[in-house]
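See below for the structure under consideration.
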Amino acid sequence: MVAAIVLHANPDKFNGTATFQARGIEVWTAEQVLARIPEVFAKRTEAFAERYAPDWPTAVPQPRSFGAATTTLKLAGLELKAHVLGPGCSPAHVVVQWEDHVFVGDLVANKAHAWLEIGEPEAWLQRLAEIEAMQPKHVHPGRGRSGGPELVENQREYLQTVLSLVAAEKPTLPPDPAAVLRVRAALERRYEGYRFPVFLEIGLPAVWRRMATGNAPESAPEGPGEAPPAESEPPPQP
């Protein structure tokens, strides 16, 4: 192994940075993702450091930035196109393309519920359209087995279902706990067997708030500190 790329700012993506770097392995990410790491690391450290000690890093991970724009990285004799994308399951993403393969991180999950913490499913749908424009034949998701372009379509259908179910409840603030539970139950019925339903505990109220207040401009979540606060300790992202 000669290099790793952090696809978005969450500890399951960046906590191994120092371990790789100590072994001479380069770790790269986009400027937008790098800017998010200190805040996310501090938040998740408070929630999870004790649980995962002694493996949890004691210092903020520091990947190298390849810049703020889509670029080609020449690593291990390969040319990898690193696409810098906006909000989805996180305020900023990198999708790596090699020939007709795309490595999309948690923008696509195979048989797993979505991480909707920032409440941006409509922006996420734009990310899926951008991935499809890359015309991949092989899609490597953040969770679940690799597959073809059907994984992107399945993710789109899932997000559209979330939006439809929440909209049907005519959301207002504050979120209605009973209505949120109805949405969750409907999702779990429709996607029976999907892993990590615990993600919906934070995700559905976040989507509810976003839809109740109207979507902010897509560029708004790019800076640090923009994600809405979780109502409770965030569930781990395996």
Side-chain angles (χ1 to χ4, degrees), residues 1-110 112 115 117-118 127 131 134 136 138-147 151 195-196 199 222 224 227 234-238:
M1 182 174 180
V2 300
I5 301 171
V6 177
L7 300 182
H8 76 269
N10 205 64
D12 63 341
K13 305 298 185 289
F14 60 62
N15 265 6
T17 297
T19 298
F20 286 160
Q21 291 170 332
R23 288 158 174 76
I25 298 166
E26 299 176 4
V27 183
W28 294 90
T29 195
E31 189 67 33
Q32 295 91 326
V33 175
L34 183 62
R36 297 278 316 150
I37 289 177
E39 180 191 359
V40 174
F41 180 73
K43 181 179 180 181
R44 300 297 192 244
T45 294
E46 185 177 349
F48 298 125
E50 184 175 351
R51 182 185 305 182
Y52 294 110
D55 297 321
W56 194 270
T58 57
V60 178
Q62 291 288 335
R64 296 175 63 183
S65 171
F66 60 72
T70 296
T71 190
T72 298
L73 301 173
K74 295 183 179 181
L75 300 169
L78 302 174
E79 290 192 358
L80 307 175
K81 192 166 187 180
H83 298 266
V84 180
L85 306 183
C89 65
S90 183
H93 293 267
V94 176
V95 168
V96 174
Q97 181 181 16
W98 176 67
E99 296 183 349
D100 56 8
H101 294 255
V102 289
F103 299 83
V104 297
D106 295 342
L107 286 169
V108 176
N110 189 352
W115 180 252
E117 182 187 23
I118 68 170
R127 306 289 79 80
I131 292 168
M134 301 172 197
H138 307 279
V139 178
H140 305 284
R143 296 188 175 90
R145 293 187 176 184
S146 298
L151 295 186
R195 295 175 299 147
F196 313 126
F199 290 175
E222 293 287 348
Q237 289 199 52

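Throughout, numbering of the chain's residues begins at 1 and tracks the sequence.
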Answer yes when Arg44 and Glu117 have at least one side-chain N-carboxylate O distance shorter than 4.0 Å, and no when they do not.
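Looking at Arg44 and Glu117, the cut-off is met.
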Charged N-O contact under 4.0 Å between Arg36 and Glu39
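Between Glu39 and Arg36 there is a salt bridge, with a charged N closer than 4.0 Å to a carboxylate O.
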For residues 70-91, which side-chain N or O atoms pair as donor and acceptor with protein atoms under 3.5 Å away, sequence neighbours left out?
residue	atom	partner	partner atom	Å
Thr70	OG1	Val84	N	3.0
His83	NE2	Gln97	OE1	2.7

Minimum-distance pair of heavy atoms, taken over all atoms of [X] and [Y]:
{"X": "Val94", "Y": "Ala30", "answer": "CG2-CB, 3.6 Å"}
{"X": "Pro136", "Y": "Val102", "answer": "CB-CG2, 3.6 Å"}
{"X": "Gly144", "Y": "Pro141", "answer": "O-CG, 3.5 Å"}
{"X": "Val60", "Y": "Pro38", "answer": "CG1-CA, 4.0 Å"}
{"X": "Gly142", "Y": "Asp106", "answer": "CA-OD1, 3.4 Å"}
{"X": "Phe103", "Y": "Leu7", "answer": "O-CD1, 3.8 Å"}

Tell me, please, which residues at least two apart from [X] pass side chain to side chain donor-acceptor pair (under 3.5 Å).
{"X": "Glu26", "value": "Trp28"}
{"X": "Ser146", "value": "His140"}
{"X": "Trp56", "value": "Thr45"}
{"X": "Glu31", "value": "Ser65"}

Considering only distance and modelled atom types, tabulate donor-acceptor pairs under 3.5 Å from the side chains of residues 15-22, sequence neighbours left out.
residue	atom	partner	partner atom	Å
Thr17	OG1	Phe14	O	2.7
Gln21	NE2	Gln62	O	2.9

Do [X] and [Y] come within less than 4.5 Å of each other through their side chains, counting heavy atoms only?
{"X": "Val95", "Y": "Met134", "answer": "yes"}
{"X": "Phe41", "Y": "Pro11", "answer": "no"}
{"X": "Val27", "Y": "Val6", "answer": "yes"}
{"X": "Leu107", "Y": "His93", "answer": "yes"}

Could you measure the distance from the NE2 atom of His8 to the OG1 atom of Thr29? Nearest 0.5 Å is fine.
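The distance works out to 10.0 Å.
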